[in-house]
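Reminder, nothing fancy here: chain letters follow the sequence lines and each chain counts from 1. Just so you know, these numbers use all the heavy atoms, side chains as well, and skip hydrogens, waters and symmetry mates.
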Amino acid sequence: MENKQSSSPASFIGSTVIPGDVVLDLSSMANQTIKLGDGLREDRDAISAMKAGTLRCKKPNKYRIESCQKRYVPCAGDTVLGIVVDSKRDDFLIDIKGPALAFLPVLAFEGGTRRNIPKFEVGTLLYLRVVKAKFGMNPELSCTDAHGKAAEFGLLKDGYMFETSTGLSRKLLSSPTCPVLESLGKKLPFEIAVGLNGRVWVNAASPHTIIAAANAIMNSES
Amino acid sequence: MEGRLANAWRLTVNDKNFIKTALLSEIRIDGRKPFEYRKISIKFGREDGSSEVQLGQTRVISIVTAQLVQPYRDRPKEGMLSIFTEFSPMADPSFEPGRPGELAVELGRIIDRGLRESRAVDTESLCILAGKFVWAVRIDIHILDNGGNLVDAANIAALASLLTFRRPECSLGGEDGQEVIVHPPEIREPLPLMVHHLPIAITFGFFNNESILLIDPTHNEEAVMNGRMTTTVNANGDICAIQKGGGEGVPQRVIMQCLQLATSKAASITKQIKDAVEAFNTERALRKIKRHPTSTGVDVREKQNQ
C-alpha cells in the first residue's frame, strides 16, 4: 500500500476524500485512542476511507466521513424521526429510513413501566435517539436521552413531515444556526424537528405558514 | 420480508391530517390551489414518435411504432391501435416487474378508451389493402417516476408521441396489384397519422368532505384521498370518457362541476401539446434541410444576423 502518506492527520480534515484514500497514518500516532465513525476502515497501519465525502473530526478523537445522500446509515448517538410500523410485546418497530427497521423498547421512556406502555398507532411520528447501530443488526432506539430524561423526545403531534437528503438535515442542525432557519424564523413563527435520517417536521398555527416553511426548506437545497 | 418493509414509503398520521386540514383552507402541500395543475414539460426524442412528459415529479415516456399486419376479419378496412403500459420498478417501490398490476391495466384502458371510442386516431386511413394489409399502431408507455397522477401524464405523452409519429409511405404494386411496397424514409417522406382531436385526461380527487375537491393529485394526496375520477375531454367540449375508480360516492352536481372544470383545463393543455409538437416539427424540418450536403442551402438564421 504505497501512495499518499500524509505527515499529519490534520491535512485531510475538512477536505474531500474518495474511497481508498489513506486519511490517517497510525504509525505516527502511538498511544492514542481513535474512534472511527461512518465510512472509515482500519487497514493495518492506516485508516482509509470507504466512501466519498468530507472527512470530519470531532474533538478529541472521533473521525468520520460525511456525505450527502438520500439513504440513511444508522449511527449511535444520532437523533432521528421515525415512523411506527408495528408494535410487538417488547418493542415497537420503527422505520428510520435505514436499511433495516429499528426497535424501540417499550420501556425506553422516562418513567416507563410495564403498566404505562404508550399506545402508538401505525403511522405515528416520533422523535428518537439511536442507542445502538451496528452493521447487520437492527438499530435500537430510545425516547430518552443518555441520562434517562425525556428531553423533547417522543410523539410529534400535528404538523407536516417531509423528507430531505442527509446533507440538508445536517446543515439545518449545524451551529451557528443555518441561514435558512434564521431568516425563516424572523418572518414566520414555527416549530421544527430535524432528524439526521433526512426527515424534517414542521408545525405552525396556520397551514399557510407550515407549507411556506416546508417548501422554503425543501427548495433551499438546490 | 423485513427488508422490504424497511424500504416502503410511509405516510404518517400527521401528514394525513395535515393534507386534509390544509385543503379546508384551500391550499395544498406544494403550495398549489385546489384547481391548479402542476407544470407540464413535453420533450421529444430524436426519432419520430417518442416523447417524454414531466408533470411535477411524475415522468412518463411514450413510444409509438407501427407494423403491417392482417386486419381483423370483421373489420377488414380498419387499422389497429393498441396501448401497452409498463410500470418500471424504478418509479415507485410498490411497482413490481413482470405482469402489469391493476393500476397499470386501468391506466392503459383509460387512455385506450379516450383514443379509440372517440375516434381521435383515424383508423380507416391506416388501411393499405382491405382485408390483407393494415397498419397496427402500437403505443408503449413507460413510467419512469411516480409523483402522482400517472394517468394524465401518460395520456399527454401518448398524444404527443402520436402527433409526432411518422409511418412509412407504401404503395400497391406487383403483378396483380396485391403486393404492398413499403418505401424507406430516405426515398419517400413518411406520413403523419391522422389525428382528428386530442382527448385530454384530467384526474380529480375526492375526500370525505364534499366541499374538498382537487385536480392533479400528487403522490401524498393520492394516498390520502377517498375517491378519484378521470374525465377525458377535448378542447371542443366533447366528453370522450369518464372513469370513476371506486371510493366515495359523489353527488351529481360535483360531477358536473368537474366536467366543466375539465373542459377549461383541456383547452390550455391542448394548446401546450400543439405548441410543443409544432416546435418539434420545425426543428425536424430544419434538420432535414441541413442533411443535404450537395444543395447550396442558405442558412436563414445567419443571414438574419448580418
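A donor-acceptor pair under 3.5 Å is absent between the side-chain atoms of B/Asn14 and the main chain of A/Tyr160, judged by distance alone.
Listed by chain and residue number, B/Arg228 satisfy the salt bridge (charged side-chain N to carboxylate O under 4.0 Å, His left out) test with B/Glu222 (two or more places apart in sequence, or in another chain). Remark: B/His142 pairs with no residue by the ring pair (Phe, Tyr, Trp, His ring centres under 6.0 Å) rule, at least two apart or across chains.
A heavy-atom distance below 4.5 Å is found between the side chains of B/Phe18 and A/Ile211.
Residue-environment remark: CD (A/Glu182) exceeds the threshold of 12 foreign heavy atoms within 6.0 Å. In this structure, B/Lys20 places its NZ atom where more than 12 heavy-atom neighbours from other residues, nucleotides or ligands lie under 6.0 Å away. Environment of CZ in A/Arg114: crowded, with over 12 heavy atoms of neighbouring residues, nucleotides or ligands closer than 6.0 Å. More than 12 non-hydrogen atoms from other residues, nucleotides or ligands lie less than 6.0 angstrom from CD of A/Glu110. Other residues, nucleotides and ligands contribute only 12 or fewer heavy atoms inside 6.0 Å of the CD atom of B/Glu47.
Across every non-hydrogen atom of B/Ser25 and A/Pro207, the tightest pair is OG-CG, 3.7 Å. Taking both residues in full, the closest heavy atoms of A/His208 and B/Ile27 are given as ND1-CD1, 3.4 Å, listed atom of the first, atom of the second, then distance.
With a 4.5 Å cut-off on non-hydrogen atoms, A/Glu121 touches chain B through its side chain but not through its backbone. Residue contact with chain B, scored on non-hydrogen atoms closer than 4.5 Å, involves the backbone of A/Val122 exclusively. Contacts of B/Ile29 with chain A are made by both backbone and side-chain atoms, with heavy-atom separations under 4.5 Å. Only the backbone of A/Asp158 comes within contact range of chain B, with at least one heavy atom under 4.5 Å from a heavy atom of that chain.
Ranked by heavy-atom pairs shorter than 4.5 Å toward chain B, the options A/Ile210, A/Thr124, A/Val84, A/Asn203 are led by A/Ile210.
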